[in-house]
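A short worksheet on the structure shown next.
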Amino acid sequence: MANPYPQVYFGDRIIDAKQASVGVASSAVMYGLSVYTVFPVLVDGSARTAFRLDDHFRRLEESCKIIGIDRFAAEWDFARFRTAIIDLIAANAPTEDVFVRATVHVVESIPGTRVRGCAIQVSIFVYDAVPIVPQDGMRLKSSPWRRIPDNAIPSRAKVNGAYVNSVLAKQDAIDSGYDDCIFLDGNGHVCELSAANIFLVRNGTLITPDVSCDILDGINRRTILTLAAEDGIPIVERTIDLTELYIADEVFVTGTSSGTSPVAEVDGRLIADGRPGPLTQTLRKRHTAALRTDTHHNWLTPL
Ligand code: PMP
């Protein structure tokens, strides 16, 4: 378990974490009606940079738009968001890399199950950048829990309440002795993990579910696709059968809290010899480097 750093952004101010709370009668608490994003801030001495901050802000805006949280577009823009992050990082002065979680809560009191026009509050906190899955070859279990489809609760929107789906699948995987789950959709196609996107490599081609496969459109997924394309690696985005994972040459996952991390085993079957494959290692190195020293994509925002 990680604790937030002591200073948090809440109610347009930087305050003590213990003072920042959302009401018990708010839609955020009653229905899980909040949307969020998590991104890394890389710390090198006095230099601090956020990775793909504008893309995270845009995804937050899009989550709000999908769900109908209209007060966010009315009250927030990227400049305000960036200033809040700069102030928060300055207040906590981290000396190591951190993750930053920014959440838009619907705080209207007992509005019933509606959303448009409801009051919002933005919370932002910082915590240690500790990966949530093993980095040296994780073991995954296909889940008996199905991924929530786009026409029920869209995975494209990062809705807090939808993470109950992830909790069920992740806990089932842990209870069965695995590190994380693989969500399948109603037709048995591979979606993603509880909080990461998935890739496989077969005969030198990088394959990943396309964005209409009930996945989050992960920022690190996009990063890997860009880096792989620049390296001339063939890429296919399409539906994937579970059994394709069993016979893949390599499988890896991406996510802010997972990094680019190899998969050693799926459902009791070793992936190749169980060790990280060459493409996984190359892309992991490229991704790790891009987080700190990106030169030409405009991915780094100095804070
Ligand atoms: N899928 C889900 C369900 C997630 O929660 C996350 C983590 N935010 C990801 C994928 C990876 O997204 P990102 O690369 O933007 O961190």
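Numbering of ligands and ligand atoms starts at 1, following listing order. Because the structure is a prediction, the values reported are computed rather than measured. The figures here come from the full heavy-atom set of this structure, side chains too, leaving out hydrogens, waters and symmetry mates.
Less than 4.0 angstrom separates some heavy atom of Arg147 from each of these atoms of ligand 1: 3 (C). The atoms of ligand 1 that sit less than 4.0 Å from any heavy atom of Asn220 are 13 (P), 14 (O), 16 (O). Atoms of ligand 1 lying under 4.0 Å from any heavy atom of Tyr163, numbered from 1 in the order shown and given with element: 2 (C), 3 (C), 4 (C), 5 (O). Listed by number with element, the atoms of ligand 1 under 4.0 angstrom from any heavy atom of Gly218 are 12 (O), 13 (P), 14 (O), 15 (O). The atoms of ligand 1 that sit less than 4.0 Å from any heavy atom of Gly255 are 11 (C), 14 (O), 16 (O).
In summary, of the residues considered (Asp241, Leu245, Ile240), a side-chain contact (heavy atoms from CB on, under 4.5 Å) with Thr243 occurs for Asp241 alone. Of the listed residues (Leu53, Ile86, Asp54, Val122), just one forms a side-chain contact (heavy atoms from CB on, under 4.5 Å) with Phe81, and that residue is Leu53.
Remark: distances from the non-hydrogen atoms of Asn197 to ligand 1 include one below 4.0 Å. For the pair Ser194 and ligand 1, a heavy-atom separation below 4.0 Å is found.
Looking at Val38 next to ligand 1, no N or O pair under 3.5 Å apart turns up. In terms of N/O distances under 3.5 Å, ligand 1 is not approached by Tyr36. Ligand 1 has no nitrogen or oxygen under 3.5 angstrom from a nitrogen or oxygen of Ser166. Close N/O approach between Thr256 and ligand 1 is found [any backbone or side-chain N/O within under 3.5 Å]. Considering backbone and side-chain N/O atoms, Ser257 never comes within less than 3.5 Å of an N/O atom of ligand 1.
Phe39 and His56 have tilted rings, their planes meeting at an angle from 30° to 60° on a 0 to 90° scale. Using a 30° and 60° split on the angle between ring planes, Phe72 and Phe57 fall in the tilted class, from 30° to 60°. In this pair, Phe51 and Trp299 present their aromatic rings perpendicular. The plane angle is above 60°, beyond the 30 to 60° band.
Interatomic distance, Leu33 CG to Cys118 SG, rounded to the nearest 0.5 Å: 7.5 Å.
When hydrogens are left out, the protein atom nearest atom 7 (C) of ligand 1 is Ala195 O, 3.4 Å; that is the closest non-hydrogen contact. Counting protein heavy atoms only, atom 1 (N) of ligand 1 is closest to Glu192 OE1, 2.6 Å. For atom 8 (N) of ligand 1, the closest heavy atom belonging to the protein is Lys158 NZ, 2.8 Å.
Taking the charged nitrogens against the carboxylate oxygens, Asp12 and Arg80 do have a contact shorter than 4.0 Å, which makes a salt bridge. We find that Arg222 and Asp217 are joined by a salt bridge, their nearest charged nitrogen and carboxylate oxygen being less than 4.0 Å apart. Salt-bridge check for Arg58 with Asp55: passed, with a basic side-chain N closer than 4.0 Å to an acidic carboxylate O.
Counting heavy atoms under 4.0 Å from ligand 1, residue Ala196 touches it through the backbone alone.
For the pair Arg101 and Tyr36, the cation-pi test (distance below 6.0 Å, angle within 45°) is passed.
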